[in-house]
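Remarks on the structure that follows.
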There are 2 protein chains.
Amino acid sequence: MHGIRSRCEICPVRNCGLCASLDDQALLALSKFSRRKTLKPHEVIFHEGDISSHYFSVMAGAIKLVKNLADGHQHIIGLIYSPGFAGQCLNSHHTYSAEAATEVELCSYSREPFDIFEKAHPELEHKIFEITVRELDTCRDWMLLLGRKCSYERVAGFLLMMADRLFETGAASPNKNYAHFQLPFTRLEIADYLGLTLETVSRQFSLLKQEKIIALPSSRDVVIADLQLLGAIANIETCSNSVRFDETRLSA
Amino acid sequence: MHGIRSRCEICPVRNCGLCASLDDQALLALSKFSRRKTLKPHEVIFHEGDISSHYFSVMAGAIKLVKNLADGHQHIIGLIYSPGFAGQCLNSHHTYSAEAATEVELCSYSREPFDIFEKAHPELEHKIFEITVRELDTCRDWMLLLGRKCSYERVAGFLLMMADRLFETGAASPNKNYAHFQLPFTRLEIADYLGLTLETVSRQFSLLKQEKIIALPSSRDVVIADLQLLGAIANIETCSNSVRFDETRLSA
DNA sequence: CGGCCAGTTGACGGACCTCAACTGTAGTGG
DNA sequence: CCACTACAGTTGAGGTCCGTCAACTGGCCG
């Protein structure tokens, strides 16, 4: 019991995740049906179609939400970073899969006791509600990207999102015009997130590099040299309106 | 006072919308800062960037959520039918616009009193939470459509969604293999919803018609002749894998 | 009748996908 | 140490789906 208690006290997301809404006493009760897990990249957390038996808090790292297609391709419909929450709240079955995108630390909660606990703690449900609303907002932004933007803009949007992560976590200063980070994804994963192929993603990386908007010391090592310009590209309204340097021009 | 009370009592969504979570007394309190509105198609409910001052219940008809692009194009990121809910719950400003898709009856609530009221009525927040979770689910399905499906599949998916509406509202029997309904949207609106152009939408309608999967007595009057087949097309995993009849084949 | 708008259909070009060859890096084993 | 494999990533060639532009049809209304 004491062990559980102290486990939560040193939790990295005690004050910013789900649990931030709970006092110590409630947290202790919650911890009784929670379990900590560490996963390696690509380990499956739950699978599309499975019965939803647990909820998950992301304490460190990131997980990806995936819809699988019959031909082996997949589409990534969401990324959840720490502090984050995943799980099917109303359905009995999962409508998508989840797997570790990086090395991940999770806190898993058995669904039934959690649901009961949640009813007794409206502040917890409110917290999950907040998370869901934000998720819906980013999901709708992504719909615009998938529905209306060309590959160049999509990749720019993706890199911008990655850079924003740095600022959110305080790992970089938002008023600077550059950013530097390690990509935790392969070109294929990025493609599956952007609705493109890995070749197209690679080409757009190369273009951005040639335009000196980014630099690639190695393929996973991204330096954004001009964040403002990248932002302008990502928000360009239509592809044809944008003045951009494509392969035909470069080869001319 | 009595007028307001009786107004809610005859409300078509009293027992299925937001208010279904409330007893008569709470409903009376809510009605004090609510107002009923009727809008014609294309009337704007709120605009992207505006301060969010109201929430809305959709009592009859449908509204569309829209992101506008600089070039005059727009992308429809969601449709909300009765009974439904719209409004920006956490942000101070709207991140998208909303307008009447059909003739619409709304119930609008001033945001500040509603937020206070909601805190005192967890069952209301729970209801909104439920609606948000479902919205997120359909949003993620739509991401798959936008990211991975070809125009033929998208249009099939759209028509299927329209048909599902009939079954949900009880206007048709779900075990039948056909459906018949009036489209409340122009080809352009459908295109803006599917991330296509109106010409492409029109072509796919024509293809489906030639395949005798649908019939079009008039352009807005859709008869789905083979719902199962339409469903199979909509869920086809990749475009290239699908055996479908395209223009090249038809012209051969 | 003419004007207007929604919708259809055709011709053409371009962006992206497919297939394929190649490079670079890391790991394994002789 | 080098050969060999395996895999991520890059780059090229060619084809196709869909967007663009344009002409045409049909219904509606003054």
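None of these values were measured; they are calculated from a predicted model. Within every chain, numbering begins at 1; the chains are lettered A, B, ... in the order of the sequence lines, protein sequences first and strands thereafter.
- In this structure, L216(B) atom CG and dT8(C) atom P are separated by 7 Å, rounded to whole Å.
- For the pair S206(A) and dT11(D), the criterion of a side-chain N or O lying under 4.0 Å from OP1 or OP2 is met.
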Enumerate the protein-to-nucleotides 7-9 of chain D contacts in which both atoms are nitrogen or oxygen and the separation is below 3.5 Å.
residue, atom, partner, partner atom, Å
dG9(D), OP1, R220(A), NE, 2.7
dG9(D), OP2, R187(A), N, 2.8

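- Smallest separation of non-hydrogen atoms from K67(A) and E48(A): CA-OE1, 3.9 Å.
- Going from atom CD of Q204(A) over to atom P of dG12(D) covers 14 Å, rounded to whole Å.
- Annotation for R220(B): atom CZ counts as buried by contact number, over 12 foreign heavy atoms lying within 6.0 Å.
- Closest heavy-atom contact between S219(B) and L183(B): O-CD1, 4.4 Å.
- Bending across the helix from dC1(C)-dG30(D) to dG30(C)-dC1(D), expressed as the angle between its end axes from five pairs apiece, amounts to 20° (10° rounding).
- The CG atom of L207(B) sits 10 Å away from the P atom of dC18(D) (whole-angstrom rounding).
- Taking the ring centre of F205(B) as origin, the terminal cationic atom of R187(B) falls inside the region bounded by 6.0 Å and 45° from the ring axis.
- Considering all non-hydrogen atoms of both residues, I224(B) and A163(B) come closest at CD1-CB, 3.8 Å.
- Closest approach of L144(B) and H75(A) over heavy atoms only: CD1-CB, 3.4 Å.
- Phosphate contact (OP1/OP2 of dG19(D), side-chain N/O of T200(B), threshold under 4.0 Å): present.
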Identify all pairs in which a protein N or O lies below 3.5 Å from an N or O of nucleotides 19-26 of chain C, and state each distance.
residue, atom, partner, partner atom, Å
dC19(C), N4, E199(A), OE2, 3.1

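- A 4.5 Å side-chain heavy-atom check between N235(A) and K149(A) finds at least one atom pair inside the cut-off.
- Closest non-hydrogen pair, L146(A) versus R154(A), comes out as O-NH2, 3.1 Å.
- Between Y96(B) and F46(B), the ring planes are tilted. Angles from 30° to 60° get that label.
- dC17(D) atom P lies 17 Å from atom CZ of R148(B), rounded to whole Å.
- The CG atom of L145(B) sits 12 Å away from the P atom of dC18(D) (whole-angstrom rounding).
- Look at CG on L196(B): it is 14 Å from P on dT8(C), rounded to the nearest Å.
- Between M162(A) and F185(A) the shortest side-chain heavy-atom distance falls below 4.5 Å.
- Going from atom OH of Y152(B) over to atom P of dT16(D) covers 19 Å, rounded to whole Å.
- Atom NE2 in H73(A) sits roughly 14 Å away from atom C1' in dC16(C) (whole-Å rounding).
- Within the 4.5 Å cutoff, the side chain of D221(B) has heavy atoms near those of the H180(B) side chain.
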